[in-house]
Amino acid sequence: MRRLILALGFLVLAAPAWAQRDGLYDVSGTNLDGSAYTGVAQIRSTGLVSFNILWRIGDLLVEGVGMASGRTVAVTYGMAQRPGMGIYQLNPDGSMDGEWTIAGAPAVGRERLVLRPEQPAAPAPDAPSAPPAAQPAPATPR
C-alpha cells in the first residue's frame with residue numbers, strides 16, 4: 001500500500017512536466033490541400049490547464065484557446081467565421097505534434113510546434129502582443 005501511495009504521489013508531482021509551456025513556438029505544418037506552411041505561435045496560460053494561443057502564419061493571425069489533459073492538448077480557433085479544431089500530443093521535450101481541421105473541411109492538416117529555447121520574460125498579461133513575424137510562408141496559409 002505504501003508503494004502505491006508513493007507511486008501515485010510521484011505521478012501527481014510529475015504531471016505538470018507534461019503541460020504545454022508558455023512561450024513562443026516555431027510552427028511547421030501541412031495545410032488541408034497538402035501544401036506546407038511555417039510560422040510562429042505564442043501560448044499563454046489562462047488557468048490550471050487552459051491557455052490562449054495565437055498563430056502567425058505569413059500575414060495571417062489566428063487566435064484560439066486550448067486545454068491540456070494529460071499528454072493531449074485540444075485547441076479551437078476561428079477562421080473566416082468557420083470554427084476549427086486541433087488535437088496535439090505533448091512530447092517530453094515540450095514540442096507538440098497534432099492534426100487540425102476546419103468544420104466541414106474534407107481533409108485534415110498536420111502541425112508541429114517546437115518551443116523556442118532561452119526566451120526572455122513574457123510581458124505583463126494586460127500588455128497587447130502578437131507573436132513576431134514568421135518566416136515567409138511558401139504555401140497557402142492555414
Side-chain angles (χ1 to χ4, degrees), residues 3-142:
R3 284 185 184 168
L4 177 61
I5 292 171
L6 288 173
L8 289 174
F10 175 75
L11 288 174
V12 168
L13 292 175
W18 287 107
Q20 83 293 337
R21 299 178 190 152
D22 284 7
L24 294 176
Y25 289 76
D26 290 314
V27 176
S28 58
T30 306
N31 284 303
L32 300 177
D33 65 3
S35 61
Y37 65 88
T38 60
V40 68
Q42 182 175 36
I43 290 179
R44 289 187 180 213
S45 296
T46 57
L48 180 61
V49 296
S50 60
F51 60 91
N52 289 326
I53 183 167
L54 180 64
W55 287 270
R56 181 184 296 269
I57 308 296
D59 293 331
L60 182 67
L61 282 177
V62 178
E63 294 182 65
V65 296
M67 176 185 163
S69 177
R71 292 177 47 184
T72 302
V73 174
V75 299
T76 62
Y77 53 89
M79 301 241 348
Q81 311 270 338
R82 293 175 64 194
M85 63 216 90
I87 300 173
Y88 297 81
Q89 184 74 24
L90 286 166
N91 300 315
D93 66 357
S95 65
M96 294 183 271
D97 293 296
E99 297 180 322
W100 61 271
T101 193
I102 297 170
V108 173
R110 303 214 183 316
E111 189 167 82
R112 179 169 178 78
L113 289 84
V114 177
L115 184 65
R116 288 186 176 178
E118 300 181 30
Q119 299 177 48
D126 59 342
S129 67
Q135 302 285 341
T140 308
R142 182 179 200 181

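It should be emphasised that the depicted structure is a prediction, and the values quoted were computed from it without experimental measurement. We count residues from 1, following the sequence as given.
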(request) Please assess V75 against E111 for the test side-chain contact (heavy atoms from CB on, under 4.5 Å), listing each intermediate value before the final yes or no. (result) CA-CA 12 Å; V75 299; E111 189 167 82; over 6 Å; no

(request) Walk me through it: do Y25 and I53 pass the test side-chain contact (heavy atoms from CB on, under 4.5 Å)? (result) CA-CA 10 Å; Y25 289 76; I53 183 167; over 6 Å; no

(request) Please test I87 against E99 for side-chain contact (heavy atoms from CB on, under 4.5 Å), starting from the C-alpha separation and ending with a verdict. (result) CA-CA 6 Å; I87 300 173; E99 297 180 322; 5.8 Å; no

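Looking at every heavy atom in both residues, L113 comes nearest to A41 through CD2-CB, 3.9 Å. Heavy-atom minimum distance, V62 versus G78: CG1-O, 4.0 Å. Taking both residues in full, the closest heavy atoms of M96 and V73 are given as SD-CG2, 4.0 Å, listed atom of the first, atom of the second, then distance. Among all heavy-atom pairs drawn from A105 and L32, the shortest one is CB-CD1, 3.7 Å.
Contact annotation: the side chain of V27 approaches that of Y37 to within less than 4.5 Å [non-hydrogen atoms, C-beta and beyond]. Between W100 and N31 the shortest side-chain heavy-atom distance falls below 4.5 Å.
For S50, the side-chain contact (heavy atoms from CB on, under 4.5 Å) partners at least two apart in sequence or on another chain are T46.
Of the inter-residue distances, the one linking L90 atom CG with T72 atom OG1 reads 7.5 Å to the nearest 0.5 angstrom. Atom OG1 of T38 sits about 9.0 Å away from atom CG of D26, to the nearest 0.5 Å. Rounded to the nearest 0.5 Å, atoms CD (Q42) and CG (L61) are 11.0 Å apart.
Here R112 pairs with D97 in a salt bridge; the nearest charged N to carboxylate O distance falls below 4.0 Å.
With hydrogens and angles ignored, the 3.5 Å screen pairs no side-chain donor or acceptor of N91 with any backbone N or O of D93. A donor-acceptor distance shorter than 3.5 angstrom exists from the side chain of D22 to the backbone of S45, with no hydrogens or angles considered.
At most 12 non-hydrogen atoms from other residues, nucleotides or ligands lie less than 6.0 angstrom from CD of E63.
Applying the salt bridge (Lys or Arg N to Asp or Glu O under 4.0 Å) test to pairs two or more places apart or on separate chains, none has a residue in residues 73-92.
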